[in-house]
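Hydrogens, waters and symmetry mates are skipped; everything else that's a heavy atom, side chains included, is used.
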Amino acid sequence: RTDTNLRQNALGALQKFSLRRKAQTIMIELDMIVWITSVLRNPDSLSDYSLEYVTALLMNLVLRTAGKDKCEDPKLEILKVLNELLEHENTQVRTYING
């Protein structure tokens, strides 16, 4: 695993910030959804903590219309990434993926 305490803490903080509308807007504009998708392409490199927080962060961002619009980019292949997580052993991850 390449996950570090710094990454875990950063993801936890980002997820908590993503509960606020202004922070969501900024994260969406900064293409966080693209970055999150790249992180989720290799879920085995993440701890359970990071995987839960990054999927919760993604869910918070894609609930916004602007977030949904970002997900429509076919180059992102977000459906492929999320489909691979639909049957993940962690129930929290499955809950966030199902939104």
Using 0.5 Å steps for rounding, measure from the CG atom of L82 to the CG atom of L40. 7.0 Å
To the nearest 0.5 Å, how far apart are CD1 in I97 and CD in E84? 11.0 Å
Side-chain contact, heavy-atom cut-off 4.5 Å: V54 with Q8? no
Going hydrophobic residue to hydrophobic residue with side-chain gaps under 4.5 angstrom, can you get from Y96 over to I33? no
Gap separating the CG atom of L11 from the NZ atom of K16, nearest 0.5 angstrom: 10.5 Å
Can you give me the closest heavy-atom contact between M27 and S18, atom names plus distance? CE-N, 3.8 Å
Tell me if a side-chain donor or acceptor on S50 pairs with a main-chain N or O of S47 at a distance below 3.5 Å. no
Tell me, yes or no, whether the heavy-atom count around F17 atom CZ, taken from other residues, nucleotides or ligands under 6.0 Å, exceeds 12. no
Rounding to 0.5 Å, atoms OH (Y53) and CD (Q92) come to a distance of 9.5 Å
Cluster link I36 to L30, ILVMFWY, side chain under 4.5 Å: no
With distance as the sole criterion, is a donor-acceptor pair present between the side chains of E77 and T37 under 3.5 Å? no
Tell me, please, which residues at least two apart from L79 pass side chain to side chain contact (heavy atoms under 4.5 Å, CB included). none
Flag yes if L57 and M59 sit in one hydrophobic cluster, no otherwise; membership is Ile, Leu, Val, Met, Phe, Trp, Tyr, and two members link when side-chain heavy atoms are under 4.5 Å apart. no
Are the side chains of L76 and K70 in contact, using a 4.5 Å heavy-atom criterion? no
Spacing of I28 atom CD1 and D69 atom CG [to the nearest 0.5 Å]: 9.0 Å
Are side-chain N/O atoms of R64 and T25 paired as donor and acceptor at under 3.5 Å? yes
When hydrophobic residues are tied together by side-chain contacts of less than 4.5 Å, even through go-betweens, does W35 share a cluster with L6? no
The reported gap from CE in M32 to CG in L61 (rounded to nearest 0.5 angstrom) is 7.0 Å
Flag the pair I78 / L58 as yes when at least one side-chain heavy-atom distance between them is below 4.5 Å, and no otherwise. yes
Please assess Q24 against N60 for the test side-chain hydrogen bond (donor to acceptor under 3.5 Å, both in side chains), listing each intermediate value before the final yes or no. CA-CA 8 Å; Q24 289 172 347; N60 290 343; 5.5 Å; no
Got a donor-acceptor contact below 3.5 angstrom from the K68 side chain to the L63 backbone? yes
Locate the shortest heavy-atom distance separating L85 from R94; write the atom from each residue and the value. O-CG, 4.1 Å
With a cut-off of 6.0 Å (strictly less than), are more than 12 heavy atoms of other residues, nucleotides or ligands near CZ of R41? yes
